[in-house]
Number of protein chains: 2
Amino acid sequence: MAHFFREKLKEKGLKVTPQRVAIYEAIVNLKNHPTAENVIEYVKTNHPNISVGTVYKVLDSLVENELLKKVKTEKDIMRYDAVLSNHHHLYCTETERIEDYEDENLNEMISNYFKNKKIKNFKVQDIKLQITGKFNK
Amino acid sequence: MAHFFREKLKEKGLKVTPQRVAIYEAIVNLKNHPTAENVIEYVKTNHPNISVGTVYKVLDSLVENELLKKVKTEKDIMRYDAVLSNHHHLYCTETERIEDYEDENLNEMISNYFKNKKIKNFKVQDIKLQITGKFNK
DNA sequence: TTCTTAAATAGGAATCATTATCTTTTAAAT
DNA sequence: ATTTAAAAGATAATGATTCCTATTTAAGAA
């Protein structure tokens, strides 16, 4: 996993730094689509001197280079996702919990639907579901 | 429309103030899911003394009372929607444009799909599509 | 209509996530 | 080992949003 990431960095012409690796691993390990602050806290256990600005800069550049994604929320605090494959999100109405939801059949159904049904004046590139509700327990 | 809004405010036990009416009308008139700043600018043409804090507070309370909705984005600036009926959003990859997308057939297909396919440990309350792509022109 | 009062607004200071700036360090190519 | 552009660190600045408090007002009661 770290190997995949190192390769990807090189591909994109980005230097492989310990900070970048640590930040990426933080996103992977921290489930629930962490905030920058979550990442900083996590990374500081192994890199106590890491700078806040560095974390923000790295997150931005990884998103720009498609190694991470931002998660759309109704909050002004950004959250990140290391899962790049096509998937949807379950949003809890009562907490900040956000979980990934993968469903091949659903993807296929939707992609079929939009093969026929065109949206006028709009070229669809990607479709994601925001599924809002309540987790049990 | 203003009438509907006044009634709704009363229903919720909220006072009908000129500021609230103006802010609500701003959201309705400003297409493209305005930010708080867009609203402030718009409302100031008729209410030059309106306070920034008031706009934020009103927006919050209208969202809380289900007279407005927040739009999920990847930005740290909040955007609002006065359309309460079930609809989806078209997000432009290149600009900040976000348009409503209504599609009864789609709603039905998805709701049928989730009538059978249950998500484990999760009770679905609402499903929205984020459709990302490019507008023509 | 006037009175009463809790709710709402105005104005401005404070907060806090994020950005920007500038200096020092470092990855990695030569 | 040298070189150098890129990256990181430290910290100041920014800007959207929230907080605070005095003043005003909507709306029910008299």
Side-chain angles (χ1 to χ4, degrees), chain A residues 2 5-27 33-44 46-65 67-68 70-80 96, chain B residues 2-3 5-24 26-27 33-44 46-65 67-68 70-80 96:
Chain A
F5 179 66
R6 283 159 193 277
E7 285 310 307
K8 276 287 188 183
L9 284 179
K10 283 182 195 161
E11 245 174 61
K12 300 280 181 174
L14 298 172
K15 289 184 182 171
V16 177
T17 66
Q19 290 88 343
R20 283 180 173 154
V21 173
I23 289 165
Y24 180 76
E25 285 179 342
I27 307 273
H33 307 89
T35 64
E37 208 194 306
N38 297 149
V39 172
I40 292 164
E41 190 190 349
Y42 186 94
V43 171
K44 279 209 166 158
N46 286 317
H47 295 74
N49 294 328
I50 197 161
S51 170
V52 170
T54 298
V55 174
Y56 280 100
K57 248 179 302 176
V58 168
L59 289 172
D60 270 7
S61 105
L62 297 184
V63 169
E64 205 167 322
N65 287 282
L67 289 164
L68 290 179
K70 285 188 180 179
V71 178
K72 285 188 173 65
T73 71
E74 290 170 7
K75 291 283 164 60
D76 58 356
I77 300 173
M78 228 52 66
R79 296 175 67 170
Y80 297 87
E96 302 302 305
Chain B
H3 184 259
F5 180 65
R6 284 159 193 275
E7 286 309 308
K8 276 287 188 186
L9 284 179
K10 283 181 196 163
E11 244 174 60
K12 300 281 181 176
L14 298 172
K15 289 184 182 172
V16 177
T17 66
Q19 290 88 343
R20 283 180 173 153
V21 173
I23 290 165
Y24 180 75
I27 307 273
H33 307 89
T35 64
E37 208 193 306
N38 297 149
V39 172
I40 292 164
E41 189 189 351
Y42 185 94
V43 170
K44 280 209 166 157
N46 287 317
H47 295 73
N49 294 329
I50 197 160
S51 168
V52 169
T54 299
V55 174
Y56 280 100
K57 243 179 307 174
V58 168
L59 289 172
D60 270 6
S61 106
L62 296 184
V63 169
E64 204 167 322
N65 287 282
L67 290 162
L68 290 179
K70 286 187 179 180
V71 179
K72 285 187 173 67
T73 71
E74 290 170 6
K75 292 282 163 62
D76 59 356
I77 299 173
M78 228 50 66
R79 295 176 66 170
Y80 297 87
E96 301 303 306

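Quantities reported herein were computed from a predicted structural model and do not represent experimental measurements. Values below: every heavy atom of this structure, side chains too, minus hydrogens, waters and symmetry copies. Here is how names work: the chains are called A, B, and so on, in the same order as the sequence lines, proteins then strands, and each is numbered from 1.
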Go through C:dT19, D:dA26, C:dA10 for me and flag the one nearest to the B:P18 side chain. D:dA26

Are OP1 or OP2 of D:dT17 and a side-chain N or O of B:Y56 less than 4.0 angstrom apart? yes

Please tell me if A:T17 has a side-chain N or O lying less than 4.0 Å from either OP1 or OP2 of C:dT26. no

Check whether any side-chain heavy atom of A:D60 lies under 4.5 Å from a side-chain heavy atom of A:Y56, and answer yes or no. no

According to a strict under-4.0 Å criterion, is A:Q19 in side-chain N/O contact with OP1 or OP2 of C:dT26? no

Nucleotide nearest B:V16 when distance is taken to its side chain, options D:dT17, C:dT18, D:dA27: D:dA27

Can you measure A:N49 atom CG to D:dA8 atom P for me and round it to whole angstrom units? 14 Å

Calculate the interatomic distance between A:L62 atom CG and D:dA8 atom P; express it in whole Å. 9 Å

Whole angstrom is fine here: how far is it from CG in B:D60 over to C1' in C:dA7? 16 Å

Rounded to the nearest Å, what distance is computed from the CD atom of residue A:E11 to the P atom of nucleotide C:dA28? 15 Å

Taking the minimum atom-to-atom distance to the side chain of B:R20, which one of D:dT25, D:dA6, C:dT9 wins? C:dT9

Round to a whole Å and report the spacing from NZ of A:K57 to P of C:dT26. 15 Å

When rounded to whole Å, the CE to P distance for the pair B:M78 and D:dT18 reads 7 Å

Of C:dT18, D:dA6, D:dG9, the nucleotide closest to the side chain of A:S51 is D:dG9

Ranking C:dT9, D:dA26, C:dT18 by distance to the side chain of A:I77, first place goes to C:dT18

Looking for any heavy atom pair under 4.0 Å, which part of the strands does B:P48 touch: base, sugar-phosphate only, or nothing? nothing

Rounded to the Å, how far apart are A:L14 CG and D:dA6 P? 11 Å

What is the distance, rounded to the nearest whole Å, between atom NZ of B:K15 and atom P of C:dT5? 13 Å

Salt-bridge contact A:E41-A:K44 (side-chain N to carboxylate O under 4.0 Å): no

Is there a side-chain contact between B:L9 and B:T17 (heavy atoms, below 4.5 Å)? no

Any side-chain N or O of A:T54 below 4.0 angstrom from OP1/OP2 of D:dG9? yes

Would you confirm whether B:R6, through its side chain, and B:V16, through its main-chain N or O, come within 3.5 Å as a donor-acceptor pair? no

Let's see if you can work this out: which of C:dT9, C:dA17, D:dG9 has an atom nearest to the side-chain heavy atoms of A:E37? C:dA17

A:V55 and A:Y42, any side-chain heavy atoms less than 4.5 Å apart: no

